[in-house]
Amino acid sequence: TWHKLYAGLFDAETYCGNKDAIKIATKLAGFIGNVFDKLTDEQVQKMLNCEHGGINESMAELYARTNDKRWLDLAIRIRHARTLGPMFEEKDALPNIHANTQIPKVIGLARIYELTQKPEFATAARYFWKNVTTNYSYVIGGNSDREYFQAPNTISKHITEQTCEHCNTYNMLKLTRQLWSWQPDGALFDFYERAHLNHVMAAQDPATGGFTYMTPLMSGAVREYS
């Protein structure tokens, strides 16, 4: 919820020129920061086992807009060691974990790299993108079965009625755009085009405007639009 609130507050400033939005964002960060200040690193890691969106990205972006290093330090501290740690070593730890929990965290790593130029953050983000797009993605560019990554290169065993959660692809496109902005690459553009046309646009019912939560790839499966 915090992550979504911040997205709205930042957009209010960017697109509407609302300076009060950053005042609100900063006060909310003060509350969040005070909570984190009282936690040990072990307690932080226990908390991060729950889905926490891209709150690291939110704190990094707040630093970019206020130049208050407290928020950058907090963004860096919000690193889920169990899932993000292996990415810094270019190791795959994705099998059997919730897919979309991970993608916003990596977008946060990419934003931290943009602000600090510390190469290890770029390494982790690039490794994650390549790993997901080559070892965990379906032909339409989406990923996950029943919201989870399966074992790498096993998607042929997971052609079900609950493939390709739409949230995942939205976030993968967001990460792809970040990586492209660092250095254009044909592989990035190819993935963006494939996922945008074949999943994101295909997830919308042109007659009603409804969207699918999942885009099932199983033969005969019915798309359910909300």
Would you please indicate yes or no on a ring centroid separation below 6.0 angstrom for Y127 and F88? no

Cluster check L94, L84: I/L/V/M/F/W/Y, side chain < 4.5 angstrom: yes

Other residues, nucleotides and ligands only: do more than 12 of their heavy atoms fall within 6.0 Å of CZ on R146? yes

For residues 147-155, please give each side-chain donor-acceptor pair under 3.5 Å, one per line with the distance, not counting sequence neighbours.
| from | atom 1 | to | atom 2 | distance (Å) |
| --- | --- | --- | --- | --- |
| E147 | OE1 | H98 | NE2 | 2.8 |
| E147 | OE2 | Y213 | OH | 2.6 |
| Q150 | NE2 | D145 | O | 3.2 |
| Q150 | NE2 | Y148 | O | 3.3 |
| N153 | ND2 | N135 | OD1 | 3.4 |
| T154 | OG1 | A151 | O | 2.6 |

Could you please spell out the steps behind the salt bridge (Lys or Arg N to Asp or Glu O under 4.0 Å) verdict for K105 and E51? CA-CA 10 Å; K105 301 177 192 176; E51 186 169 6; over 6 Å; no

Is there a donor-acceptor pair closer than 3.5 Å between any side-chain N or O of H158 and the backbone N or O of S156? no

Carefully, step by step, assess W129 and T176 under the rule side-chain hydrogen bond (donor to acceptor under 3.5 Å, both in side chains). CA-CA 8 Å; W129 183 90; T176 303; 2.8 Å; yes

Are the side chain of Q43 and the backbone of T40 linked by a donor-acceptor contact shorter than 3.5 Å? yes

Less than 4.0 Å between a side-chain N and a carboxylate O, is that true for D41 and R77? yes

Between E165 and S144: side-chain donor-acceptor atoms closer than 3.5 Å: no

Output yes when a side-chain donor or acceptor of S137 lies under 3.5 Å from a complementary backbone atom of N143, and no otherwise. no

Take Y6 and I32 through the test side-chain contact (heavy atoms from CB on, under 4.5 Å) and record every step on the way to the result. CA-CA 12 Å; Y6 271 105; I32 296 170; 4.1 Å; yes

Would you say that more than 12 heavy atoms from the other residues, nucleotides or ligands in this model lie under 6.0 Å from the CD of E42, or not? no

Under 3.5 Å, which donor-acceptor pairs link side chains of residues 194-201 to any protein atom two or more places apart or in another chain?
| from | atom 1 | to | atom 2 | distance (Å) |
| --- | --- | --- | --- | --- |
| R194 | NE | V139 | O | 3.3 |
| N198 | ND2 | R194 | O | 2.9 |
| H199 | ND1 | T169 | OG1 | 2.7 |
| H199 | NE2 | C164 | O | 3.2 |
| H199 | NE2 | T215 | OG1 | 3.1 |

Looking at side-chain heavy atoms only, is the closest gap between M214 and E161 below 4.5 Å? no

Evaluate the criterion salt bridge (Lys or Arg N to Asp or Glu O under 4.0 Å) for residue pair R70 and D73; output intermediate values, then yes/no. CA-CA 5 Å; R70 182 187 182 191; D73 292 341; over 6 Å; no

I'd like to know if the side chain of R111 and the backbone of S58 have a donor-acceptor N/O pair within less than 3.5 Å. no

Can you tell me if Q45 has over 12 outside heavy atoms packed within less than 6.0 Å of its CD? yes

For Y170, is the OH atom crowded, meaning more than 12 foreign heavy atoms sit under 6.0 Å from it? no

Angle class for the W180/F189 ring planes (parallel below 30°, perpendicular above 60°, tilted otherwise)? tilted

Is it true that K130 and D185 make a salt bridge, defined as a side-chain N closer than 4.0 Å to a carboxylate O? no

Under 3.5 Å, is there a donor-acceptor pair between the side chain of N18 and the main chain of E13? no

Do T26 side-chain atoms and I22 backbone N/O form a donor-acceptor pair below 3.5 Å? yes

